[in-house]
Number of protein chains: 2
Amino acid sequence: MLTNACKYAIRAVIYLALNSDADKKLGAKQIASELDVPQAFLAKLLRKLSSDKLISSAKGPGGGFFLNKENLEKTVWDIITAIDDQQKLDDCFLGLVKCNSENPCPVHYIAAPFKEQLLNDFKKKTIAVMAEEMVENGTVITLNRFI
Amino acid sequence: MLTNACKYAIRAVIYLALNSDADKKLGAKQIASELDVPQAFLAKLLRKLSSDKLISSAKGPGGGFFLNKENLEKTVWDIITAIDDQQKLDDCFLGLVKCNSENPCPVHYIAAPFKEQLLNDFKKKTIAVMAEEMVENGTVITLNRFI
DNA sequence: AAAATAAAGGACTAAATTGTCCTTTACCGA
DNA sequence: TCGGTAAAGGACAATTTAGTCCTTTATTTT
Ligand code: FES
Ligand code: FES
């Protein structure tokens with residue numbers, strides 16, 4: 001579905017949404033350790049997100065990554081398309097060339113509504129909204145390694 | 001979600017369910033061409049399925065692969081576990097170490113019911129039932145390359 | 001028996017994904 | 001202005017997944 005790279009990136013951005021701002025930047029090292037993800041690999045992903053303006057960064061002492069107002073209005077979909085060259089969210093679950101209701105595979109009727117919902121969420125909800133919902137639901141803890 | 005290998009294998013078995021029996025065996029080459037899948041790769045998968053007694057085979061002229069009664073009572077889950085060493089169907093969609101409702105990720109409430117349904121289908125429905133449903137729904141065509 | 005056929009088996013290659021490491025650049029504070 | 005800090009960048013390595021190819025073995029037909 002999503003690559004590891006993509007999952008790391010999404011988690012990192014949500015983590016930033018919840019824990020950073022222009023006055024509280026976070027280093028790649030710190031984020032990686034909080035998310036229990038390989039440092040250098042995450043650093044590379046953060047660079048990509050930064051160059052795509054999905055997150056903000058500052059060099060030097062006291063520097064790091066954070067989200068500004070524009071960044072908070074991006075969507076998970078923006079992250080997915082930035083990291084995974086070609087994403088496979090609308091692929092058929094059983095590998096048919098095309099997933100559609102005219103020629104559904106045996107699990108299509110289960111998979112299709114799910115994919116639709118998921119895509120809708122990914123495309124419509126901003127990072128800010130996602131983060132907000134997590135706070136409301138008390139699911140903040142889920143982003144780090146302690147189950 | 002599922003590897004290509006696994007998808008190929010599932011499609012091949014369903015294809016066999018619909019088109020083969022002890023008196024009408026199908027060669028790897030033929031199946032691969034019908035499913036538009038790499039021959040040698042599929043052949044390897046078929047060997048594995050055969051050695052795991054999920055499909056039947058016969059060597060020599062007139063030989064090939066087919067499903068016997070026992071084979072028809074296997075499930076998609078059997079195929080998945082035979083091909084993908086460790087499957088990732090219950091992984092969290094955003095890469096949390098554990099997917100559960102105590103610590104749901106932002107898409108958990110969408111993903112969880114889907115995964116449950118999918119797993120249930122994969123584990124409960126036999127190949128025979130799957131194939132039957134496809135015939136009833138007229139979805140046979142979907143297994144080959146012509147959308 | 002010989003030839004043809006098709007699976008069984010396994011060595012090998014290719015590509016994509018995941019991950020590491022080192023150098024450079026920019027920035028801050030002393 | 002100098003030293004430390006942290007991102008930017010890119011080369012490189014490792015692993016996993018995907019796919020090919022060739023040889024062997026069993027079976028059938030002539
Ligand atoms: S056709 Fe297979 S998931 Fe839609
Ligand atoms: S916790 Fe992420 S899908 Fe369940």
Side-chain angles (χ1 to χ4, degrees), chain A residues 1-9 11-12 16 20 22-33 35-68 71 80 82-88 91 95, chain B residues 1-9 11-12 16 20 22-33 35-68 71 80 82-88 91 95:
Chain A
M1 209 72 172
L2 299 180
T3 60
N4 276 356
C6 204
K7 290 177 179 178
Y8 294 165
R11 289 171 60 207
L16 283 171
S20 82
D23 298 322
K24 193 183 166 200
K25 294 158 192 158
L26 301 175
K29 208 172 297 181
Q30 187 181 347
I31 302 170
S33 119
L35 301 184
D36 195 27
V37 147
Q39 292 187 15
F41 192 49
L42 180 62
K44 194 197 285 189
L45 298 172
L46 292 172
R47 282 204 297 276
K48 171 72 171 143
L49 293 175
S50 180
S51 82
D52 283 13
K53 311 285 183 202
L54 300 179
I55 66 177
S56 306
S57 67
K59 285 185 176 182
F65 298 95
F66 63 100
L67 301 192
N68 63 23
N71 300 148
I80 293 172
I83 303 294
D84 284 357
D85 301 330
Q86 106 275 34
Q87 100 308 331
K88 301 154 240 160
D91 282 2
Chain B
M1 208 72 171
L2 299 180
T3 60
N4 275 356
C6 204
K7 291 176 178 178
Y8 293 165
R11 290 172 60 206
L16 283 171
S20 83
D23 297 322
K24 193 184 166 199
K25 294 157 192 159
L26 301 175
K29 210 172 296 184
Q30 185 181 349
I31 302 169
S33 118
L35 301 183
D36 196 27
V37 147
Q39 293 187 14
F41 192 50
L42 181 62
K44 194 198 284 189
L45 298 172
L46 292 172
R47 283 204 295 276
K48 172 73 171 142
L49 293 175
S50 180
S51 81
D52 283 13
K53 312 285 183 202
L54 300 180
I55 66 178
S56 306
S57 68
K59 283 185 176 179
F65 299 95
F66 63 100
L67 301 192
N68 63 23
N71 300 148
I80 293 172
I83 303 293
D84 285 355
D85 300 332
Q86 106 275 30
Q87 101 310 329
K88 301 154 240 159
D91 282 2

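A, B, ... follow the sequence lines: proteins, then strands. Residue 1 opens every chain. No experiment lies behind these values; they were computed from the predicted model shown.
DNA chain C lies under 4.0 Å from at least one heavy atom of each of the following residues of residues 48-65 of chain A: A:K59, A:G60, A:P61.
Within the nucleic acid shown, A:A43 has no heavy atom closer than 4.0 Å to any nucleic acid atom. The residue B:L26 sits close only to the backbone: its heavy atoms come under 4.0 Å of sugar-phosphate atoms, none of a base. Using a 4.0 Å heavy-atom cutoff across all strands shown, B:K44 reaches at least one base atom of the nucleic acid.
For A:Y8, no side-chain nitrogen or oxygen approaches OP1 or OP2 of C:dT18 to under 4.0 Å.
By the side-chain hydrogen bond (donor to acceptor under 3.5 Å, both in side chains) test, B:S50 pairs with B:S57, sequence neighbours left out. In this structure, the side-chain contact (heavy atoms from CB on, under 4.5 Å) partners of A:K25, at least two apart in sequence or on a different chain, are A:A58, A:F66. A:S20 meets the side-chain hydrogen bond (donor to acceptor under 3.5 Å, both in side chains) test with no other residue; sequence neighbours excluded. Evaluation of the ring pair (Phe, Tyr, Trp, His ring centres under 6.0 Å) rule for A:Y8 yields A:F41 as partners, not counting sequence neighbours. Legend: residues meeting side-chain hydrogen bond (donor to acceptor under 3.5 Å, both in side chains) with A:K48, ordered by chain and number and at least two apart, are A:D52. Annotation: side-chain hydrogen bond (donor to acceptor under 3.5 Å, both in side chains) contacts of B:D84 (sequence neighbours excluded): B:T3. Every side-chain contact (heavy atoms from CB on, under 4.5 Å) that B:Q39 has, sequence neighbours left out, goes to B:K29, B:A32.
Scanning both residues, A:V37 and A:R11, for their nearest heavy atoms gives CG2-NH1, 4.0 Å. The shortest heavy-atom contact between B:F65 and B:L16 is O-CD2, 3.5 Å.
Boundaries of the chain A contact region on DNA chain D are D:dG4 to D:dA11, first to last in 5' to 3' order (nucleotide atom under 4.0 Å from a heavy atom).
Taking atom CG on A:L46 and atom P on C:dG19, their separation rounds to 14 Å, with Å as the unit. Remark: C1' of C:dG19 and NZ of A:K7 are 17 Å apart, rounded to the nearest angstrom. Between A:K29 atom NZ and C:dT20 atom C1' there is a gap of 14 Å when expressed in whole angstrom units. Put simply, CD1 on A:I83 is 11 Å from P on C:dT18, counting in whole angstrom units. For the pair A:F41 CZ and C:dT18 P, the interatomic distance rounds to 6 Å; values are reported in whole Å.
Residue order along DNA chain C, read from the 5' end via each residue's closest nucleotide, puts A:N4 first among A:N4 and A:R47.
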